[in-house]
Each structure stands twice: as C-alpha cells, then as structure tokens.
Amino acid sequence: MRKEKRVLPEYYTPIYQMAVTQFERAACKLDLDPNIWERFVVPKRALMVSVPVRMDDLSVKVFRGYRVHHDNTMGPSKGGIRYSPSVNLGEVCALAMWMTWKCALVGLPFGGAKGGIACDPTVMSRNELQKMTRRYTAEIIQMIGPDVDVVAPDMGTNEQIMAWFMDTYSQFKGYAVPEIATGKPISIGGSVGRTEATGKGLVFVIMEAFKYLKIDPDKKSVAIQGFGNVGFHTARLLYEAGCRVVAVSDVKSGLYNKDGLDIPAINEYIKKNKFMEGFKGGDHISNEDLLEIHCDVLIPAAISEQITEENAGRLKCRIVCEGANGPTRPEADPILNERGIFLIPDVLANSGGVTVSYFEWVQGLQRLFWKEKEVYEQLGEVMRSAFRNVLELSLSRNVDMRMAALMLGINKISEAKLARGLFP
Ligand code: GLU
C-alpha cells in the first residue's frame with residue numbers, strides 16, 4: 001500500500017477514533033484485505049445541514065443537523081436520528097460505522113447510517129420539535145428513501161418524531177411512504193414490539209450469557225445506567241423476569257436499593273416529576289457510583305465512553321451488557337477481559353432495536369402486518385443465534401466478545417464488497 005502523510009479529516013474526533021480503533025483491532029485479527037480496510041475507515045457520504053426554526057418566542061434559531069451513510073453494500077443504509085447537545089460530525093460518523101457492523105452481525109440486509117441534530121430536546125416545546133423535525137427532513141431529503149436510507153429513533157427522539165418525519169417525507173412524495181422510517185406509531189404502520197425491542201433484545205442475550213456462565217437467573221442483581229427507552233424497558237423486563245434491579249439512574253441522579261427497586265413505581269414517579277430524584281424507596285447515588293456497584297449484571301444504557309481505563313478496574317460485576325452505543329473506551333476492554341468480566345458488546349446487545357426496525361420495514365413494504373408473537377419469536381431467534389455465533393468465535397479464536405462480534409460483522413460486509421468489486 002502507498003504510504004503518504006495524511007491530514008486528519010474533520011470527523012476524526014475522539015469518539016470516531018474509538019470506532020476506528022475497535023475496527024482496526026478486529027481487522028488485524030481478520031487479516032483484512034488492505035483495500036477493503038481503506039474503504040471501511042471512512043464514511044461513504046456525510047451531509048451537514050442548517051435547520052432554521054421559528055421558535056415559540058418568534059425568533060429564528062438555526063440548528064446544526066447531520067446525516068451520514070457509512071456503508072450501503074448490502075442494501076439501504078439504516079440508523080437512528082439523535083437529538084442531543086453533543087451531536088457533531090465525528091459522533092454521527094462513529095455511530096454510523098457501528099450501525100454497519102451491527103446490521104451485518106445480525107444478518108440484516110442493511111448498511112449503516114446515523115443522523116442527528118445538535119439541540120437540547122428537553123427544553124424545546126412540542127411545536128418547536130415538530131418544526132425542527134420537519135425542516136430537517138426536508139433538508140436531508142436527497143439522501144434518504146425506503147431503498148436508500150431508512151431512519152429510526154435514537155437518543156432524544158421517539159415515535160412522535162418518526163411520525164412527523166414520515167409525514168414530511170410523504171408530503172413531498174404526494175402519497176404515504178411508511179417505510180421511510182421505523183419506530184413509528186402503530187397507527188401509521190409501526191410494528192408491534194418495536195418500542196421495547198432493544199430492551200427485549202438485551203434480556204435475550206443476558207439470559208444466554210447466564211446459561212453459558214451457568215448462572216441461575218433467579219434474583220440476580222442488575223444495575224442499569226440510563227432510564228430512556230432502552231434503560232427503562234430493560235429494567236422493566238428484568239424486574240418482571242424476577243431479577244433484582246438494585247440500581248438505576250437518569251441524567252440527573254441514580255437510586256440504589258440492595259433488595260431491589262420497585263421499577264413500575266419509579267416509572268410512575270418519573271411521569272409526574274420528570275426525573276427520579278426524590279423517589280423514596282432507594283438511596284441516592286450518582287451515575288459514576290452506579291457503575292461501581294456490586295452486581296451480577298451492569299448495563300450501561302445511557303451515553304458513550306462511561307467505562308474507561310480509569311474505572312474499569314473498579315467494576316464489581318460478572319457481566320457488562322452494553323445497551324448504549326460505545327459506552328466502553330477501547331483502553332478499558334483489555335482490563336475487563338483480564339478481570340474475567342464477561343462483555344456483551346453494543347453491536348450485539350442492542351441490536352434488537354434495529355432487528356425489529358427491519359421487521360417494520362419489511363411489513364411496510366409488503367403492507368402485511370405481523371402479530372406480537374411472530375415479532376418476538378423472530379427477534380428471539382435472531383438474538384440467540386447472533387449470541388451463539390459470537391460466543392463460538394470468541395472461544396475458537398480466543399478473543400473477547402467485542403472482537404468476535406466485530407470480526408463477524410466486518411467479515412460479512414468485506415465478503416460482499418469483494419464479490420461486488422469496485423466501480424468503475
Ligand atoms: N438507534 C438504534 C440503534 O442505535 C436503532 C436503529 C434502527 O432501528 O435503525 O441501534
């Protein structure tokens with residue numbers, strides 16, 4: 001390969017670097033074709049847009065928005081839209097790359113994409129959020145389409161945002177195009193089971209890990225960082241399955257009770273008070289403390305880069321199951337591995353969301369809708385078989401579960417890329 005000094009591109013931020021480091025570790029193990037390697041470490045295309053919104057006070061505020069396609073070898077690119085103040089090009093590019101490996105690992109005919117707007121949705125009115133979503137859709141419209149790129153919820157977005165997105169796209173086309181977005185309300189073609197799909201997927205792989213590690217699930221203790229869509233549904237489902245959810249947290253603070261927290265009561269409390277702070281029924285803890293709690297399963301389901309070189313040595317759990325995307329820094333991986341902590345990596349653990357998104361897209365294209373039983377059975381099958389494949393490779397190649405998951409995903413698209421060849 002020709003070696004020349006390169007100027008780093010603008011998306012080369014610490015989080016993007018983290019995605020590249022993970023990729024390169026796996027690519028080395030795979031002895032990946034260097035030409036394919038070159039193509040995987042860069043996004044395929046990235047769009048930055050300005051999204052002007054007339055706010056409720058009548059002033060016009062301009063938000064920064066992005067949509068990035070990392071890959072589209074196997075089909076349309078797929079990925080969520082994130083509304084968060086931290087959104088920037090590097091973050092969206094990293095998340096798009098992770099979507100590529102995730103879709104390939106679980107065998108979906110999708111490439112990876114991600115989008116986002118740098119904003120704080122918690123301080124915006126419904127009216128402002130609607131206008132921002134519609135204008136963002138219009139701004140990125142050349143880059144999306146049911147066969148091109150399909151959007152979904154991510155941090156800070158939900159089914160209402162997807163409904164506005166779908167409606168705006170459909171207005172431009174002149175007819176309803178439900179398959180442009182997944183994670184929509186059921187009334188406009190959403191799939192049953194999509195809302196809790198990521199949480200359900202997490203529970204499936206945790207149960208598989210229990211089986212492999214010969215842990216009896218009864219009363220096992222779980223600590224969950226984050227109480228958004230992923231954190232809440234995971235907590236609820238594990239609580240219903242008889243686990244002891246000993247700690248949970250939201251952006252502001254956390255709760256701890258060694259005998260187990262009352263998850264439905266916390267949910268009711270949050271509906272009234274927005275945050276869990278002040279809930280009686282647990283001791284106050286911080287988000288950082290939560291990570292170091294003594295428990296069987298630790299589930300980081302909030303934001304990226306939470307488990308680091310600094311705190312990895314202090315974790316006191318048997319299993320880390322990554323609900324969030326990128327919650328563990330690459331320097332922490334070998335520390336967890338050495339300490340015998342069993343890691344279920346993000347691209348495997350949280351892939352239930354995009355898997356049911358795929359079911360939703362298929363149902364939309366066929367105009368034929370499935371029953372809950374079918375969604376959950378198929379999801380269970382996908383998750384369990386992905387877990388088994390990753391575990392098998394991890395044991396046969398003596399690598400941790402993250403490496404094995406990435407190797408499987410990367411290898412699949414690499415084969416497809418080689419088969420298609422390079423145009424022109
Ligand atoms: N945002 C979710 C993820 O990171 C779901 C993506 C999708 O359903 O397309 O996996």
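Note that the numbering runs from 1 along the sequence shown for the chain. For ligands, and for the atoms within them, numbers begin at 1 and follow the listed sequence. These numbers come from a predicted model, not from an experiment.
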Worksheet item: Do Q130 and R134 meet the criterion of a side-chain donor-acceptor pair at a distance under 3.5 Å?
Response: yes
Practice prompt. For atom 9 (O) of ligand 1, find the nearest protein heavy atom and state the residue, atom name and distance (0.1 Å precision).
Written response: K78 NZ, 2.8 Å
Worksheet entry | Location of contacts on P153 toward ligand 1, heavy atoms closer than 4.0 Å | backbone
Item to complete: Tell me yes or no: between the side chains of D149 and S77, is some donor less than 3.5 Å from an acceptor?
Response: yes
Fill in: D154 neighbourhood, listing ligand 1 atoms whose heavy-atom distance to it stays under 4.0 Å
1 (N), 2 (C), 4 (O)
Worksheet item: Against heavy atoms of V354, which atoms of ligand 1 measure under 4.0 Å?
Response: 7 (C), 8 (O), 9 (O)
Practice prompt. Would you indicate whether the side-chain heavy atoms of K29 and L406 approach each other to under 4.5 Å?
Written response: no
Worksheet entry | Under-4.0 Å heavy-atom contact with ligand 1, by part of N325 that carries it | side chain
Worksheet item: How far is atom 7 (C) of ligand 1 from its nearest protein heavy atom, and which residue and atom name does that atom have?
Response: A152 CB, 3.3 Å
Practice prompt. Please determine, by modelled atom types, if R194 and S357 share a side-chain donor-acceptor pair under 3.5 angstrom.
Written response: yes
Item to complete: Say whether M99 and ligand 1 are in contact under the criterion: heavy-atom distance to a ligand atom below 4.0 Å.
Response: yes
Worksheet item: Between the side chains of N158 and N229, does any donor sit under 3.5 Å from an acceptor?
Response: no
Worksheet item: Where is the nearest protein heavy atom to atom 8 (O) of ligand 1: which residue, which atom, and how far?
Response: S357 OG, 2.6 Å
Fill in: Donor-acceptor side-chain pairing of S125 and N127 below 3.5 angstrom
no
Worksheet item: Please state which protein non-hydrogen atom is closest to atom 3 (C) of ligand 1 and give its distance, to 0.1 Å?
Response: K102 NZ, 3.3 Å
Practice prompt. With rounding to the nearest 0.5 Å, note down the distance linking CD1 in I188 to CG in D167.
Written response: 8.0 Å
Item to complete: Within a distance under 4.0 Å of any heavy atom of K114, pick out the atoms of ligand 1 and give their elements.
Response: 1 (N), 3 (C), 4 (O)
Response to the item:
the protein heavy atom lying closest to atom 5 (C) of ligand 1 turns out to be R194 NH2, 3.6 Å
Practice prompt. Report yes or no: do E196 and Y376 form a side-chain donor-acceptor pair below 3.5 Å?
Written response: yes
